[in-house]
Each structure stands twice: as structure tokens, then as C-alpha cells.
Amino acid sequence: MDSQTSQPSQASPSPHSFQVDLRGLVDLLSHHLYSSPKVYLRELLQNAVDAITARRAEQPDAPATVRLHAVDGTLRVEDSGIGLTESDVHSLLATIGRSSKRDDGIQAARSDFLGQFGIGLLACFVVAERIRVVSRSARTPDAAPVEWTATDDGSYTVRTLPHEARTDPGTTVHLVARAGAGEWLTEERVRSLARDFGSLLPYDVRVGDEPIADLPAPWDRAHPSPTTRRVALARHCHELFGFTPLDSIELNVPLAGVRGVAYVLPSAVSPAQRASHRVHLKGMLLTERAEQLLPDWAFFVRCVLDTDSLRPTASRESLYEDETLAAVREALGERIRSWLTGLAAGDPERLAAFLSVHHLGVKSLARHDKEMLRTMLPWLPFETTDGRLSLEEFALRHPVVHFTRTVEEYRQVAPIASAQGIGVVNGGYTYDSELVEALPSVRPGSVVAELDADTVTAHLDAIDPAEELALSGFLAAARARLDPLGCDVSLRAFHPLSVPALHLDDRAARHEQARAEAEEQADDLWAGILGSLRGSAPRARLVLNHLNPLIRRISSLRDPELIGTATESLYGQALLMAQRPLRPADSALLNRAFIGLLEWATHPDTGEDDRR
């Protein structure tokens with residue numbers, strides 16, 4: 001290392017202060033921090049409410065009023081709060097980003113709000129080119145009023161006014177609209193925003209002479225009966241969210257300072273859809289789009305609540321993710337869970353109406369909550385070979401609860417399994433297979449087994465060995481035709497008689513089939529690699545029904561080519577009946593079989609011997 005660089009500096013550098021470009025900061029606020037210019041009114045209301053709260057802490061009987069007046073592109077906001085001295089003006093209004101640690105006065109009252117970041121009033125520059133504040137302190141009654149005037153170029157002036165300029169303690173904020181922003185300061189827009197942000201504020205807030213608060217909150221109002229309360233909350237939901245709920249759920253968590261209500265959606269929604277909730281912070285609307293307020297499984301409700309414990313982000317338009325929010329989220333989830341168990345215990349009709357729409361959400365919860373699964377077991381609907389039943393009822397009917405993991409597998413075997421007396425649950429829908437497998441954990445003694453092709457085949461009746469031997473030529477021709485497709489052919493007797501053929505495979509067989517197809521299309525290197533992965537899974541099989549009249553006629557054919565064409569047709573029809581997606585080879589087979597049968601049926605030389 002150079003010795004000169006290791007010597008201490010002879011002269012300490014002079015400190016410099018950061019320079020703030022106010023116009024650039026306002027541009028940052030309007031385009032990146034805030035989602036809309038409308039937040040300016042929330043900040044004005046918040047400042048007024050905080051000031052009143054601070055004054056009430058010292059003078060409990062002090063007036064608590066906020067008045068908003070919008071006229072010709074200007075807005076005047078008057079409050080009866082704590083007011084400001086000249087030193088307060090310099091400290092709180094003109095210092096960006098400063099957070100006082102004093103545990104007194106207005107700053108203490110504002111500690112949970114955006115004022116702690118020192119940029120609350122700057123939100124007004126999003127819509128205003130000039131801000132004028134006139135204030136008189138309630139702490140120093142003999143102090144003269146002080147005026148602070150700021151423009152969006154970053155300059156401000158402070159001056160003392162005559163005592164008669166403002167006789168009562170409090171603050172008045174005057175805004176003059178910037179070019180193109182006049183619509184935000186019209187009386188109609190101000191009234192609408194004030195109602196939206198301040199409907200739960202605890203003080204007398206008015207636009208002109210019109211009150212904007214709507215207290216008590218809908219969930220805190222008394223009603224003569226549970227029915228009238230439900231109707232009133234449903235009306236509130238329709239006004240707020242635009243839908244009439246299936247039901248309403250009280251959200252009362254006193255330890256977390258949370259009060260509100262959750263409304264159950266009347267129609268199904270995707271579990272992946274992020275729900276948006278309305279959150280008020282100490283009466284002031286914080287956000288209409290709180291997404292992380294409830295557990296992910298509670299996607300079937302929209303809620304509105306007021307809290308005094310959750311922290312806002314800097315923009316005050318979302319919630320800060322911390323331990324408090326996590327605890328509130330868990331507590332609100334528990335309230336919704338308790339509502340479900342209460343319905344199961346005392347109101348089965350309302351529960352059935354709910355589950356007909358939102359069974360997916362409850363299944364999502366029941367996967368990880370044994371108590372919820374045990375509670376909902378008699379109610380959750382599943383598609384089964386006995387119809388749409390709960391797992392509880394299905395398990396009472398069948399000693400072994402068989403299930404499939406995919407809808408395609410279920411469609412393959414459901415008609416046959418039902419005719420053979422095998423009970424099968426379709427586990428192919430979201431969460432269903434997981435819930436079926438969890439059944440023994442909440443219902444001891446239950447036996448659950450995944451249904452595979454071998455199980456189905458074992459329940460089908462074998463035919464007489466002599467008859468099978470007599471048909472060996474037919475079976476050989478049929479097997480030869482389907483062998484290139486990786487499918488075996490067998491002959492069994494089963495019901496219903498109307499089903500001529502059944503295509504059976506399982507996931508292992510499908511994986512092996514996909515590997516074989518990829519191996520055929522790969523180059524030598526990849527073909528060798530894929531060949532080394534060859535599995536020992538059983539192949540798919542086409543089970544022909546010896547009881548079906550059509551199969552009996554086909555099995556009597558003598559022409560190997562015609563037997564092959566008929567077998568391909570049966571294979572294709574079995575795939576279609578199972579609603580399986582067709583591979584290119586399957587589609588080509590169906591076309592070939594169809595054309596082949598047409599040619600055979602219309603060929604002039606086709607004789608009775610050929611038909612036999």
C-alpha cells in the first residue's frame with residue numbers, strides 16, 4: 001500500500017446537506033408512491049384528525065370539527081386541532097423526511113401515520129401548485145397565528161399574522177389547483193373522496209354543511225334480531241362491493257384492535273385470484289386492495305374492517321408485512337373457520353348453500369386442518385360411482401374406498417366399476433385425491449386404495465378357457481394390430497352389456513408409452529439415454545366384452561385384415577368414451593379404421609363369407 005494513502009487527512013472535509021428538487025419529488029410521489037392523486041385528500045383529513053387527537057389528549061372537551069370548502073379550483077380545510085407555533089411550522093411542515101422522537105404533542109399522535117415520514121403534506125402538491133397554511137397553537141393561546149406558504153418550485157415563506165387573522169386554535173389549509181388538476185378540487189369530487197376515506201372517522205367532518213361520517217360502523221350497529229342484522233349487512237355489502245353476499249361473518253379480534261365483517265361471495269372464484277379487502281386504520285380508509293389480510297384459502301370472502309394495530313407502508317395504500325399482520329391474518333382465519341364449524345353444527349341448509357358454491361375453498365382448508373376435515377367430512381361433496389356424496393356417506397357404503405388420481409382414469413373405469421360393485425371416488429379434481437388419502441387420519445378404520453387397471457381387470461369375469469382357445473386366432477390378429485400402439489388385448493365378460501370394449505391403463509403405463517414415443521423420435525444419443533430409462537410398467541390394455549353382441553360378431557370374422565380394422569375401431573371408440581386426449585397416432589388410427597370400414601362396407605366384391 002502507498003504510504004501516503006495510509007496517513008490521516010490533515011483537513012476534515014466540510015459537511016454538505018442534500019438538496020431536494022421538490023418538483024422531482026412530487027413527480028416521484030405522483031407516479032410511483034401513490035396510485036392516484038386522490039390520496040391528497042386523505043392526507044389532509046389525516047393531518048386534521050391527528051391534530052384534533054393531539055388537542056383532545058390535552059383538552060378532552062376541546063371541539064372536534066373538520067370543515068372542507070371547495071370553490072372554483074380552490075380547497076379550504078379547517079380543523080379545531082392542536083395548531084402550530086412558528087417553530088412547529090419549520091419543524092413539521094418544511095422538513096422532508098424528518099421524524100421527531102419527542103413523546104408529546106402532535107408528533108406523538110401522528111407516530112402511526114404517514115406524518116412520521118415527513119411527506120404527508122407534500123401529497124397535496126400532486127394536485128396543487130400552491131399550499132397556504134394558517135395555524136394557531138392551542139398550547140400557546142397568546143401566540144399569534146402563523147402563516148406558511150409553499151409553492152411547487154420548492155420555496156416557502158413563514159410570517160406571523162395579526163391576532164384577528166385566526167381567533168381560535170386550529171389550522172386552515174388552502175390549496176390552489178395546478179394546471180390540469182382542477183377536477184380534483186371540485187366540490188362533488190371532494191365530497192365523494194371525503195365520504196370514501198372518512199366514513200368511519202370519529203369526529204365531526206363535513207363538506208360544506210353535509211356530514212360525511214357514517215357512524216357507528218355497520219358491524220357495530222344494534223339490530224332487533226339476527227335476521228334484520230343479516231339483511232342490513234347484506235345491504236351494506238351491496239353498496240360497498242356491488243354484490244349480495246351468501247352470508248356475513250363477524251370479524252372481532254379485540255387483542256389485535258380489529259373490528260369488521262367478511263362477506264361470503266355469492267359465486268365461485270378461482271383460488272388463484274387475489275382477493276381485495278377494505279382496511280380502515282383508526283377510522284381512515286387505508287386501502288381498498290389489501291391482498292395479504294386473510295389466509296390464501298379464504299378466497300371466498302371479501303372483508304372490510306377497522307384496525308388500530310396494523311402498520312401502513314410509506315404510501316399508506318397497503319399493509320406492512322410484519323409479525324402483527326401475520327398474527328391478525330391467523331386470527332381472522334380462525335374466525336372464518338369457526339363460522340364454518342358453526343354452520344356445520346347448527347345450520348346445515350346454509351352450509352349446503354355455501355358448499356354448493358365454495359366447496360373448493362373448504363377443501364383447500366381441510367387438506368391441512370384435520371379438525372376442519374373431520375367437521376366437514378359429512379358435508380363436502382365428491383363425485384363417486386354412487387353419485388355425488390360426502391366421503392363419510394361413501395365410506396359407510398364401501399369397505400374399501402377406491403379412488404383415481406385423474407378425471408380421465410375415473411371416466412375409463414366408472415361405468416364398469418359401478419356395474420361390478422366397486423365403489424370409486426373421482427380424485428382428479430383439485431384437492432380431492434389428497435382429501436381421500438387423508439380419510440383414515442380422521443376416520444379410523446377406513447381403507448383407502450388407489451384404483452389401477454389390475455384391480456379393475458381382477459373384478460371382471462374370465463370366460464371359459466375352451467371358448468377363449470376357440471377365439472385364439474381372433475385374439476392374435478387383434479393383438480398384432482394394437483401391439484405397435486403399446487396396447488394389449490384381453491377378453492372378459494362384464495356388465496353393462498352395452499359397453500363393447502374398455503381401455504385401461506395407469507400413470508406408469510402412460511409414462512412408459514410417452515418414453516417409448518420420445519425414444520422413437522430421438523437421435524441416437526437421446527434414444528440410448530431414453531432406452532436406459534425403460535420401465536417395467538404394465539402396458540395399456542383393451543378389454544373386449546364377450547357378453548356384448550357386437551364383440552361376438554366381430555370375434556367370428558375370418559379375415560385378419562378386417563379383424564384388425566374392427567379392433568382399431570373398438571380401440572378408438574374406447575378412447576373417446578374415456579374422454580382421453582388423443583395422440584397423433586391415435587387420431588391417425590381412427591381415420592384409418594373409419595376409411596377401412598367404409599371401403600369394406602361399400603366394396604362390390606364383399607360377400608357373406610367375408611362378413612363371417
Side-chain angles (χ1 to χ4, degrees), residues 34 38-68 75-85 87-124 131 133-140 146 148 166 168-175 193-194 196-206 212-213 215 257 279-287 306-317 320:
Y34 297 127
K38 69 181 182 180
V39 297
Y40 87 91
L41 192 67
R42 181 191 62 199
E43 296 308 327
L44 288 174
L45 286 175
Q46 189 65 68
N47 288 343
V49 168
D50 290 344
I52 292 172
T53 301
R55 185 176 180 186
R56 281 284 182 94
E58 299 181 9
Q59 304 172 17
D61 297 331
T65 62
V66 181
R67 297 291 182 265
L68 297 90
L75 176 64
R76 185 174 81 255
V77 181
E78 304 172 347
D79 70 66
S80 60
I82 193 70
L84 301 171
T85 63
S87 62
D88 290 333
V89 166
H90 286 286
S91 176
L92 300 178
L93 299 185
T95 305
I96 298 172
R98 180 178 178 183
S99 178
S100 172
K101 301 298 182 183
R102 292 177 303 152
D103 190 22
D104 65 338
I106 188 171
Q107 195 65 26
R110 292 166 60 131
S111 61
D112 290 335
F113 300 99
L114 188 56
Q116 65 181 303
F117 299 102
I119 57 177
L121 195 59
L122 289 184
C124 295
I131 303 174
V133 178
V134 176
S135 187
R136 184 164 190 162
S137 174
R139 284 201 190 92
T140 314
V146 61
W148 178 84
R166 183 176 181 108
D168 298 322
T171 301
T172 302
V173 179
H174 302 261
L175 301 186
L193 293 178
D196 200 32
F197 286 122
S199 62
L200 299 184
L201 290 177
Y203 302 135
D204 180 11
V205 182
R206 301 178 183 234
I212 59 103
L215 295 176
V279 177
H280 295 256
L281 188 57
K282 297 184 178 180
M284 183 71 71
L285 178 66
L286 176 69
T287 178
D306 188 25
T307 175
D308 58 16
S309 63
L310 299 179
R311 291 175 56 195
T313 58
S315 67
R316 286 178 46 81
E317 294 185 281
Y320 186 80

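When a residue number appears, it is its place in the shown sequence, counting from 1. Source: prediction; values computed, not measured.
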**Student:** Please round to the nearest 0.5 Å and tell me the distance separating atom CD of Glu78 and atom OG1 of Thr172.
**Tutor:** 4.5 Å
**Student:** To the nearest 0.5 angstrom, please state how far the CG atom of Leu45 sits from the CG atom of Leu193.
**Tutor:**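 These two atoms lie 9.0 Å from each other.
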**Student:** Could you pull out the closest heavy-atom pair between Arg67 and Asp204, with the gap in Å?
**Tutor:** NH2-OD2, 2.9 Å
**Student:** Do Asp168 and Arg136 come close enough that some side-chain heavy atom pair is under 4.5 Å?
**Tutor:** no
**Student:** Working to the nearest 0.5 Å, report the span between OG of Ser135 and CG of Asp79.
**Tutor:**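 Interatomic distance, Ser135 OG to Asp79 CG, rounded to 0.5 Å: 7.5 Å.
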**Student:** If you measure from CH2 on Trp148 to CD1 on Ile131, what distance do you get to the nearest 0.5 Å?
**Tutor:**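 It comes to 5.5 Å.
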**Student:** Search all heavy atoms of Tyr40 against all heavy atoms of Leu75 and return the closest pair with its distance.
**Tutor:** CE1-CD2, 3.9 Å
**Student:** I'd like to know whether Asn47 forms a side chain to side chain contact (heavy atoms under 4.5 Å, CB included) with Thr171, so could you lay out the CA-CA distance, the side-chain angles of the two residues, the decisive distance to 0.1 Å, and finally the verdict.
**Tutor:** CA-CA 10 Å; Asn47 288 343; Thr171 301; over 6 Å; no
**Student:** Quick one: does Arg42's side chain have a donor or acceptor within less than 3.5 Å of a partner on Gly198's backbone?
**Tutor:**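 Absent.
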**Student:** Between Asp88 and Gly83, which heavy-atom pair has the shortest distance, and what is it?
**Tutor:**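 That closest heavy-atom pairing would be OD2-O, 4.4 Å.
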**Student:** I'd like to check Val89 versus Val133 (side-chain heavy atoms, cut-off strictly below 4.5 Å). Are they in contact?
**Tutor:**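 Answer no - side chains too far apart.
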**Student:** Please check: side-chain N/O of Thr307 versus main-chain N/O of Leu281, any donor-acceptor pairing under 3.5 Å?
**Tutor:**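 Not a single qualifying donor-acceptor pair exists.
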**Student:** With Pro202, which residues qualify under side chain to side chain contact (heavy atoms under 4.5 Å, CB included), at least two apart?
**Tutor:**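 Partners of Pro202 under the side chain to side chain contact (heavy atoms under 4.5 Å, CB included) test: none.
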**Student:** Determine the minimum heavy-atom distance between Gly81 and Ala138, stating which atoms define it.
**Tutor:** O-CB, 4.4 Å
**Student:** Between Phe197 and Lys38, which heavy-atom pair has the shortest distance, and what is it?
**Tutor:** CE1-O, 3.5 Å
**Student:** Mind checking side chain to side chain contact (heavy atoms under 4.5 Å, CB included) for Ser137 and listing every partner two or more places apart, or none if nothing turns up?
**Tutor:**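 Only Thr85, Arg139, Thr140 meet the side chain to side chain contact (heavy atoms under 4.5 Å, CB included) criterion with Ser137.
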**Student:** Can you tell if the side chain of Leu200 reaches within under 4.5 Å of the side chain of Leu215, non-hydrogen atoms only?
**Tutor:**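 Heavy-atom side-chain distance check passes, below 4.5 Å.
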**Student:** Whether the side chain of Ser80 engages the backbone of Thr65 through a donor-acceptor N/O pair (distance < 3.5 Å, no angle test) should be reported.
**Tutor:** yes
**Student:** Mind checking side-chain hydrogen bond (donor to acceptor under 3.5 Å, both in side chains) for His174 and listing every partner two or more places apart, or none if nothing turns up?
**Tutor:**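 So His174 forms a side-chain hydrogen bond (donor to acceptor under 3.5 Å, both in side chains) with Arg132.
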**Student:** Quick one, Leu68 and Leu41 - any side-chain contact, counting heavy atoms below 4.5 Å?
**Tutor:**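 Of all side-chain heavy-atom pairs linking Leu41 with Leu68, at least one is under 4.5 Å.
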**Student:** What heavy-atom pair brings Ile52 and Ala64 nearest, and what distance separates the two atoms?
**Tutor:**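 Between these two residues, the closest heavy atoms are CG2-CB, 3.6 Å.
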**Student:** Consider only side-chain N and O atoms of Gln46 and Asp50, and report whether a donor and an acceptor are under 3.5 Å apart.
**Tutor:**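 Yes, Asp50 and Gln46 have a side-chain donor paired with an acceptor closer than 3.5 Å.
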